[in-house]
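The analysis underlying the following values was restricted to heavy atoms, covering all of them including side chains, and did not include hydrogens, waters or symmetry mates.
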Amino acid sequence: MKKIALLLVFTLAFNTASAQSKKKQILLLGTFHFENPGLDVAKVNTFNVMSDKSQKELENITNKIKKFGPDKIFIEWNYQKQTKLDQFYNKNTDSLLHKDADEIVQVALRSAKKLGHKQLYAIDYNNTDFPYDSLVKGMKAAGQFDLIKRNEETMKHYETDQNAKIAKYSLTELLLDINTKASNDDNVKWYLETAIKGGKTDDFVGAYLVSEWYRRNLYMYALIQKLTESKDDKIMVLLGAGHTAMIREFVEHNPEFEIVELATVLK
């Protein structure tokens with residue numbers, strides 16, 4: 001009897017430890033701007049997500065997301081305006097899907113409605129600075145002409161590469177490409193290999209821009225963690241690809257989460 005009781009204790013302890021070590025799955029879905037406002041430093045063409053072909057793809061993509069089954073979906077919407085997001089979420093879904101090309105509508109809202117969610121979760125933090133013009137001025141003042149050339153070449157290469165893909169790829173192919181490791185690495189490299197060097201020795205305009213970018217993404221990551229409850233086994237985060245690249249970096253150091261790749265979900 002003592003052996004049986006001891007075995008039960010070990011079994012319970014093992015099961016408890018296993019339950020505690022179970023990681024939450026996080027799908028990081030990086031996107032380009034479906035409704036391109038042209039506000040990014042790099043200028044790329046707009047992809048037509050409202051075409052019949054793209055709409056069919058979006059139905060398939062969101063059906064696969066439904067199958068994955070996230071308990072919450074987090075989006076790039078000012079966290080201080082959650083009430084406005086709730087009001088937006090409760091508008092006529094069919095009307096929004098036919099008129100609004102934004103990725104929040106076409107991917108996040110469409111997925112959440114299929115999942116029967118009551119809301120989307122706003123996590124964007126907008127009280128940060130992104131002084132790109134000051135960065136370029138700082139480079140010029142410091143005589144960093146090689147760095148300026150490198151920066152211009154990086155931007156031009158990105159624009160050319162993305163525009164070529166937009167002209168050639170389907171929506172699904174574009175999203176899969178944006179969410180590869182190589183693409184994520186490229187999103188981070190510019191900050192840590194080019195921007196951070198900008199300015200004279202006593203001018204940290206480059207480092208300041210990078211720190212502000214990190215701060216915005218860290219604050220979003222903090223909100224993801226705060227809003228993810230113990231009962232949530234799976235979550236999805238839909239942000240611009242530059243943001244998900246950073247969030248991925250943070251998640252990789254968090255033993256409570258494991259990343260689920262978009263390619264795996266869309267199989």
Side-chain angles (χ1 to χ4, degrees), residues 22-36 46-77 85-124 162 165-181 183-184 220 224 227-229 231-241 243-245 247-248 251 257-267:
K22 183 180 178 182
K23 295 185 177 183
K24 296 181 183 297
Q25 295 186 325
I26 177 170
L27 169 61
L28 295 174
L29 206 172
T31 69
F32 56 94
H33 291 300
F34 288 4
E35 279 189 325
N36 187 354
T46 300
F47 184 92
N48 183 15
V49 300
M50 303 305 284
S51 69
D52 290 342
K53 184 176 185 297
S54 292
Q55 286 295 304
K56 288 177 182 177
E57 289 183 70
L58 283 163
E59 277 297 301
N60 179 60
I61 290 167
T62 52
N63 283 338
K64 294 291 181 66
I65 290 171
K66 178 184 177 182
K67 186 177 180 181
F68 169 63
D71 298 296
K72 285 188 174 78
I73 296 177
F74 301 95
I75 63 168
E76 195 172 332
W77 185 295
L85 176 57
D86 292 339
Q87 293 169 350
F88 180 78
Y89 185 75
N90 289 320
K91 287 184 178 181
N92 184 286
T93 304
D94 289 337
S95 177
L96 287 171
L97 289 174
H98 285 95
K99 294 179 181 179
D100 197 332
D102 191 278
E103 60 272 16
I104 288 174
V105 171
Q106 294 298 325
V107 179
L109 184 143
R110 192 189 298 245
S111 297
K113 292 292 186 178
K114 287 182 178 182
L115 287 157
H117 289 184
K118 293 181 179 179
Q119 66 180 140
L120 293 168
Y121 293 83
I123 59 166
D124 199 6
Q162 287 303 114
K165 288 174 180 176
I166 285 171
K168 179 182 177 182
Y169 287 5
S170 68
L171 177 59
T172 304
E173 289 170 334
L174 274 174
L175 290 176
L176 286 171
D177 180 74
I178 287 171
N179 286 278
T180 59
K181 184 180 185 303
S183 182
N184 281 297
M220 285 197 281
I224 291 170
L227 294 170
T228 299
E229 301 173 89
K231 64 181 181 180
D232 298 326
D233 296 320
K234 300 176 182 179
I235 61 172
M236 176 176 127
V237 179
L238 179 82
L239 303 169
H243 297 297
T244 54
I247 302 296
R248 174 180 289 269
V251 170
F257 286 101
E258 65 175 345
I259 295 171
V260 176
E261 301 296 345
L262 179 63
T264 301
V265 171
L266 297 187
K267 276 184 180 178

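Rounding to the nearest 0.5 Å places CG of Leu115 at 10.5 Å from NZ of Lys234. Distance check: Leu109 CG to Asp100 CG gives 9.0 Å after rounding to the nearest 0.5 Å. Between Ile26 atom CD1 and Asp232 atom CG the span is 11.5 Å, to the nearest 0.5 Å. A distance of 11.0 Å separates NE2 in His243 from CG in Leu238, rounded to the nearest 0.5 Å. With rounding to the nearest 0.5 Å, the separation of CD1 in Ile259 from CD in Gln25 is 11.5 Å. Note that CG of Leu29 is 5.0 Å distant from CG of Leu262, once rounded to the nearest 0.5 Å.
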Inset, instruction - Take Lys99 and Met50 through the side chain to side chain contact (heavy atoms under 4.5 Å, CB included) test and state the conclusion after the steps. - result: CA-CA 8 Å; Lys99 294 179 181 179; Met50 303 305 284; over 6 Å; no
Inset, instruction - Quick one: do Met220 and Asp124 satisfy side chain to side chain contact (heavy atoms under 4.5 Å, CB included)? Show the steps, please. - result: CA-CA 6 Å; Met220 285 197 281; Asp124 199 6; 3.5 Å; yes
Legend entry - Intermediate values then yes/no, side chain to side chain contact (heavy atoms under 4.5 Å, CB included), Phe34 and Val107: CA-CA 10 Å; Phe34 288 4; Val107 179; 3.8 Å; yes
Legend entry - Intermediate values then yes/no, side chain to side chain contact (heavy atoms under 4.5 Å, CB included), His117 and Lys72: CA-CA 8 Å; His117 289 184; Lys72 285 188 174 78; 5.5 Å; no
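Taking every heavy atom of both residues into account, Val49 and Gln55 meet most closely at O-NE2, 2.8 Å. Annotation for Lys114 and Asn63: closest pair NZ-OD1, 2.8 Å, computed over non-hydrogen atoms. The two residues Asp71 and Lys231 make their nearest non-hydrogen contact at OD2-O, 4.3 Å. For the residue pair Asn48 and Ser54, the shortest heavy atom distance occurs at O-OG, 3.1 Å. Contact between Leu120 and Ile104 at its shortest, heavy atoms only, is CD1-CG2, 4.4 Å. The nearest pair of heavy atoms linking Ile73 to Ser111 is CD1-CB, 3.9 Å.
A cation-pi geometry, defined here as NZ or CZ lying under 6.0 Å from the six-membered ring centre and within 45° of its normal, holds between Lys113 and Tyr89.
For Gln106 (side chain) and Leu97 (main-chain N/O), a donor-acceptor pair under 3.5 Å exists by modelled atom type. For the pair Lys24 (side chain) and Ile235 (backbone), a donor-acceptor distance under 3.5 Å is absent. Looking at Asn90, its side chain does come within 3.5 Å of a backbone N or O of Asp86 through a donor-acceptor pair.
Contact annotation: the side chain of Thr264 never approaches that of Phe68 to less than 4.5 Å [non-hydrogen atoms, C-beta and beyond].
Salt bridge annotation for Lys66-Glu59: absent, with no cationic side-chain nitrogen under 4.0 angstrom from a carboxylate oxygen.
Within a 6.0 Å sphere centred on CG of Asp52, heavy atoms belonging to other residues, nucleotides or ligands number 12 at most.
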Show me, pair by pair, the donor-acceptor contacts under 3.5 angstrom made by side chains of residues 172-180, not counting sequence neighbours?
| residue | atom | partner | partner atom | Å |
| --- | --- | --- | --- | --- |
| Thr172 | OG1 | Glu57 | OE1 | 2.6 |
| Glu173 | OE1 | Ser170 | N | 2.8 |
| Glu173 | OE1 | Ser170 | OG | 3.4 |
| Asp177 | OD1 | Lys165 | NZ | 3.4 |
| Asp177 | OD2 | Lys165 | NZ | 2.8 |
| Asn179 | OD1 | Gly30 | N | 2.8 |
| Asn179 | ND2 | Gly30 | O | 2.9 |
| Asn179 | ND2 | Leu175 | O | 2.7 |
| Thr180 | OG1 | Asp177 | O | 2.9 |
| Thr180 | OG1 | Ser183 | N | 3.3 |

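The aromatic rings of Phe47 and Phe32 sit perpendicular to each other, their planes meeting at more than 60°, with 30° as the lower class boundary.
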